[in-house]
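Let me begin by presenting the structure, written as structure tokens, before commenting on it.
First listed ligand is number 1; within each ligand, the first listed atom is number 1. In this chain, numbering begins with 1 at the start of the sequence shown.
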Amino acid sequence: MPILDKIKEKLHLQKDSTKDSTKDTTKEPAQESATTAATAAPAGPVFDQSKVDVIFVLGGPGAGKGTQCAKIVQDFDFAHLSAGDLLRAEQAREGSPYGELIRTHIREGRIVPMEVTVKLLENAMAAIIAENRTANGWGDGRGRFLVDGFPREMDQGLKFENEVCVSRFVLFFTCTEEVMLDRLLERGKTSGREDDNAESIKKRFRTYQEVTMPVIEHYRKQDKVREVDATSSVEEVHAKVKETLEPLFGLKKD
Ligand SMILES: Nc1ncnc2c1ncn2[C@@H]1O[C@H](COP(=O)(O)OP(=O)(O)OP(=O)(O)O)[C@@H](O)[C@H]1O
Ligand SMILES: O=c1ccn([C@@H]2O[C@H](COP(=O)(O)O)[C@@H](O)[C@H]2O)c(=O)[nH]1
């Protein structure tokens, strides 16, 4: 069986609208299925953008996306989902049929087939929303997510926005390759990541330039990019991020 079909089958990629706690449930089931059958159109995003805020967090490898997301969740009521972390967890999960596929893609700096990543993100969002958090922007099917390191390619973004949730905007961290390389080589001394070595980093930079930068340009044309220079210290970068987010979301209440 082709690998993508195998992935779809194993991850149960057929839409399950019963999981959706944010959708309009007032329609009669018969009416719903009749509409679906008549138009055969996709059901639309699982999560309603008026209830669920998604910020895509992008920037080159080592720009500091993960570091800044960790700081954002200290100040704001967001849940942080790193696409790379979800993939590494799936890779390490005993019995996962995708372990080897994910490992080789990550080592080669390539993008894992989007079906896997989009489903992992959707599942993680659904699980967090089901917790019914009481924080600002949460509860009753609502939620706020930083989706870190995603979308890495245009098709991923389109699939996520068509099937999971439309994003609010992209938080884009800019940094020079020279600085990012230094950071990643330093991180590689302790991270245990198979892709924090000079050879993989070079490939990741190429993928970023060729495949991910067009995603930024796409959202820039829609005026959906908030850009932050990430070359300065962690605290300085965070201060700039805070200025961007505070008027929109308000600080966490202690
Ligand atoms: N502003 C900063 N100044 C100095 N070092 C930083 C800064 N931000 C992050 N770092 C360090 O650089 C390394 C990479 O940061 P981080 O993991 O946050 O980047 P990333 O963009 O998430 O990377 P990747 O895409 O590879 O996961 C880490 O070791 C982190 O501690
Ligand atoms: O949407 C995604 C995100 C990540 N990957 C793969 O994971 C590695 C590491 O990602 P980090 O964000 O640096 O943790 C990345 O190089 C890709 O190989 C992906 O395929 N799709």
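Among all protein heavy atoms, the one lying closest to atom 30 (C) of ligand 1 is Thr67 OG1, 3.6 Å. In terms of protein heavy atoms, atom 20 (P) of ligand 1 is closest to Lys65 N, 3.5 Å. Among protein heavy atoms, the minimum distance from atom 23 (O) of ligand 1 is reached at Gly62 N, 3.1 Å. Closest to atom 13 (O) of ligand 2 among all protein heavy atoms lies Arg193 NH2, 3.0 Å. Nearest protein neighbour of atom 2 (C) of ligand 2, counting heavy atoms only, is Arg152 CG, 3.5 Å. Looking only at heavy atoms of the protein, atom 26 (O) of ligand 1 is closest to Arg204 NH2, 2.6 Å. Counting only heavy atoms of the protein, atom 28 (C) of ligand 1 lies nearest to Arg187 CD, 3.9 Å. With hydrogens left out, the protein atom closest to atom 2 (C) of ligand 1 is Arg183 NH2, 3.2 Å, a heavy atom. Of all protein heavy atoms, the one closest to atom 22 (O) of ligand 1 is Gly66 N, 2.9 Å. From the protein, the heavy atom lying nearest to atom 7 (O) of ligand 2 is Ile106 CG1, 3.5 Å. Closest to atom 27 (O) of ligand 1, if we only count protein heavy atoms, is Arg193 NH1, 3.2 Å. Closest protein heavy atom to atom 17 (C) of ligand 2: Arg110 O, 3.3 Å.
Counting non-hydrogen atoms of neighbouring residues, nucleotides and ligands closer than 6.0 angstrom, the NZ atom of Lys252 exceeds 12 such neighbours. Counting heavy-atom neighbours within 6.0 Å of Glu178 CD, excluding the residue itself, gives a total of 12 or less.
The contact set between ligand 2 and Gly84, taken as ligand atoms under 4.0 Å from a residue heavy atom, comprises 10 (O), 14 (O). Remark: ligand 2 atoms within the under-4.0 Å shell around heavy atoms of Gly149 are 1 (O), 2 (C), 3 (C). Ligand 2 places these atoms under 4.0 Å from at least one heavy atom of Phe150: 1 (O). In summary, the atoms of ligand 1 found under 4.0 Å from a heavy atom of Val234, numbered by their order in the structure, are 1 (N), 2 (C), 7 (C), 8 (N).
Counting heavy atoms closer than 4.0 Å to ligand 2, residue Arg204 contributes side-chain atoms (C-beta onward) but none from N, CA, C or O. Neither the backbone nor the side chain of Arg152 comes within 4.0 Å of ligand 1, counting heavy atoms alone. Contacts between Asp148 and ligand 1, counted as non-hydrogen atom pairs separated by less than 4.0 Å, are absent for every part of the residue. Only the side chain of Arg88 comes within 4.0 Å of ligand 2, counting heavy atoms alone; its backbone N, CA, C and O stay farther away. Residue contacts with ligand 1 for Glu236 are absent, since no atom lies close enough (heavy atoms, distance under 4.0 Å).
Of all non-hydrogen atoms in Val166 and Pro45, the two that sit nearest each other are CG2-CG, 4.4 Å. Residues Cys175 and Arg183 share a closest heavy-atom pair of SG-NH1, 3.9 Å. Heavy atoms only, all atoms of each residue included: Ser232 and Lys240 are closest at OG-NZ, 3.6 Å. Across Asp229 and Thr174, no two heavy atoms sit closer than the pair CA-OG1, 3.4 Å. Looking at every heavy atom in both residues, Gly149 comes nearest to Ala83 through O-CB, 4.1 Å. Contact detail for Leu184 and Pro61: the closest heavy-atom pair is CD1-O, 3.5 Å.
Ring centroid separation for the pair Trp138 and Phe145 comes in under the 6.0 Å cut-off. A centroid separation of 6.0 Å or more is found between the aromatic rings of Tyr219 and Phe172.
Residue Ser232 holds the heavy atom nearest to atom 1 (N) of ligand 1 of all those in Ser232, Gly64, Ala230. Between Val112, Asp195, Leu87, it is Leu87 that holds the heavy atom closest to atom 5 (N) of ligand 2.
Contact analysis puts Ser233 in contact with ligand 1, with a non-hydrogen atom separation below 4.0 angstrom. Put simply, part of Ala63 is less than 4.0 Å from ligand 1, judged by heavy atoms. Residue Lys65 places no heavy atom under 4.0 Å from ligand 2. Under the 4.0 angstrom criterion for non-hydrogen atoms, Gly60 is in contact with ligand 1. Residue contacts with ligand 1: Gly84 is excluded, as none of its non-hydrogen atoms falls under 4.0 Å.
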Residue pair Glu199, Lys203: steps toward the salt bridge (Lys or Arg N to Asp or Glu O under 4.0 Å) verdict = CA-CA 7 Å; Glu199 199 183 322; Lys203 292 175 181 167; 3.6 Å; yes
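To the nearest 0.5 Å, atom CD of residue Glu108 and atom OG1 of residue Thr207 are 9.5 Å apart. Taking OG1 of Thr117 as the start and CD of Gln156 as the end, the distance is 5.5 Å to the nearest 0.5 Å.
Residues forming a side-chain contact (heavy atoms from CB on, under 4.5 Å) with Leu181 (at least two apart in sequence, or on another chain): Leu185, Ile201, Phe205.
Here's the thing with Leu184: none of its N/O atoms is less than 3.5 angstrom from an N/O atom of ligand 1. Below 3.5 Å of separation, one finds no N or O of Ile111 facing any N or O of ligand 2. Checked against a 3.5 angstrom limit, the closest N/O atoms of Gln156 and ligand 2 fall inside it.
Of the possible donor and acceptor atoms, one in the side chain of Thr212 sits under 3.5 Å from a partner among the backbone N and O of Arg152. Distance alone, capped at 3.5 Å, is enough to place a donor-acceptor pair between the Arg142 side chain and the Gly139 backbone.
Between Lys119 and Glu122 there is a salt bridge, since at least one side-chain N of the basic residue sits less than 4.0 Å from a carboxylate O of the acidic one.
When only modelled atom types and interatomic distance are considered, Asp85 and His80 share no side-chain donor-acceptor pair under 3.5 Å.
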